[in-house]
Amino acid sequence: MYKRQGKDRSAGLGASAPSVARWLGDIRTYFPSSVVQVMQRDAIDRLGLSTLLLEPEMLEAVEADVHLVGTLLSLSKAMPETTKETARAVVRKVVENLEKRLATRTRATLTGALDRSARISRPRHHDIDWNRTISANLKHYLPEYRTIVPERLIGYGRASQSVKKEVILCIDQSGSMAASVVYASVFGAVLASMRSINTRLVVFDTAVVDLTDQLDDPVDVLFGTQLGGGTDINRALAYCQSQITRPADTVVVLISDLYEGGIRNEMLKRVAAMKASGVQFVTLLALSDEGAPAYDREHAAALAALDAPAFACTPDLFPEVMAAAIEKRPLPIPDTGSPGR
């Protein structure tokens, strides 16, 4: 996870960080806020985070990753003021590395998908998609001339000018979803930087918070989250549904382990209604490198029955998933044997 180099002393978080993040979320669910504050302050001391974050050489010595970021975000409300700026610097370091890794490929993949989704039937010559035009006009082949006379041209529109897609990222901020929250925030910022995509980012537990106005800086988004607590997916989807104005051009991405604390049947009805209106609905059990966490299999199966399969997605696969959703073609679902497929 992270370690000090060249010294025997090390912080005590180690490889247990995902469990720590889940525990920090669980205590918010089961204990009153006054007790939670005491337990979180004790966690900061026991994990050695205060000492680590106060040391000047920390940024050079620490090997930060998404799990450390999740732990810092979980503890941010209880963190002493003297360490908050350093914690923010650690988070920014991880976020910038993730953006370097993911941004270029994401923009390229989605730009191609937007171009293809904007195919028009009366294209200018340089906008003609010759492969699809030939395929669509094979019945007009003239053997005596050994050529095809196309009656219908298929071309690409100009996505940056004529196509505007709406993407809503709806992110479960329960403790077990910490890594997914980090990756989703980075992807949200990348999508928001694309002129042809209007991106909205919503996080939820039992409350719903719209962080769209902070998307220009994913670090601000992350510090606007509150990892842990209960879950009300239905309430979050109700808010997302209220923001949809052009359903046929909208992709809703729900990132959640599907442990619903709200009204299950209403949640499923909302998904069905959005899909019936033309919305492309994507359910990700996780957006991380670790694969699927524990999740509610009954809800996953119910979503699959609505043709909204739930599956875990790695950050490297996410651009392809979004491209498929934008083009309204089958999603590239990993072959995991999940009942939510």
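Every value quoted in this text rests on a predicted model; they were computed, and no experiment measured them. Atom set for the values below is all heavy atoms of this structure, side chains included, hydrogens, waters and symmetry mates excluded.
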* To do: Would you please test Arg264 and Asp232 for salt bridge (Lys or Arg N to Asp or Glu O under 4.0 Å) and show each step?
  => CA-CA 9 Å; Arg264 174 186 185 274; Asp232 192 338; over 6 Å; no
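Of the residues Asp307, Ile168, Val253, Leu237, the one that meets the side chain to side chain contact (heavy atoms under 4.5 Å, CB included) test with Phe281 is Leu237. Partner Met322 forms a side chain to side chain contact (heavy atoms under 4.5 Å, CB included) with one of Thr109, Val251, Thr106 and no other, that one being Val251.
Two residues are said to be in side-chain contact when any heavy atoms from C-beta on lie closer than 4.5 Å; Asp210 and Leu201 fail this criterion. The shortest side-chain heavy-atom distance between Asp205 and Thr231 does not fall under the 4.5 Å cut-off.
With sequence neighbours excluded, the residues forming a side-chain contact (heavy atoms from CB on, under 4.5 Å) with Asp220 are Arg88, Gln214, Asp217, listed by chain and number. Looking at residues two or more places apart in sequence or on another chain, you find a side-chain contact (heavy atoms from CB on, under 4.5 Å) between Ala238 and Arg270.
Heavy-atom contacts from other residues, nucleotides or ligands closer than 6.0 Å to CD1 of Ile263 number 12 or fewer.
How far CZ of Arg107 is from OG of Ser193: 3.5 Å, rounded to the nearest 0.5 Å. In this structure, the separation between CD1 on Ile197 and CG on Leu110 is 5.0 Å, given to the nearest 0.5 Å.
In this model, no donor atom of one side chain and acceptor atom of the other lie less than 3.5 Å apart for Asn234 and Glu266. Side chains of Asp316 and Thr314: a donor-acceptor N/O pair is absent below 3.5 angstrom, by distance only.
Outside the 6.0 Å centre-distance limit, the rings of Tyr259 and Tyr295 are not counted as a close aromatic pair.
What you find for Ala310 and Ala300 is that their closest heavy atoms are CB-CB, 4.1 Å. Taking both residues in full, the closest heavy atoms of Lys275 and Leu306 are given as CE-O, 3.0 Å, listed atom of the first, atom of the second, then distance.
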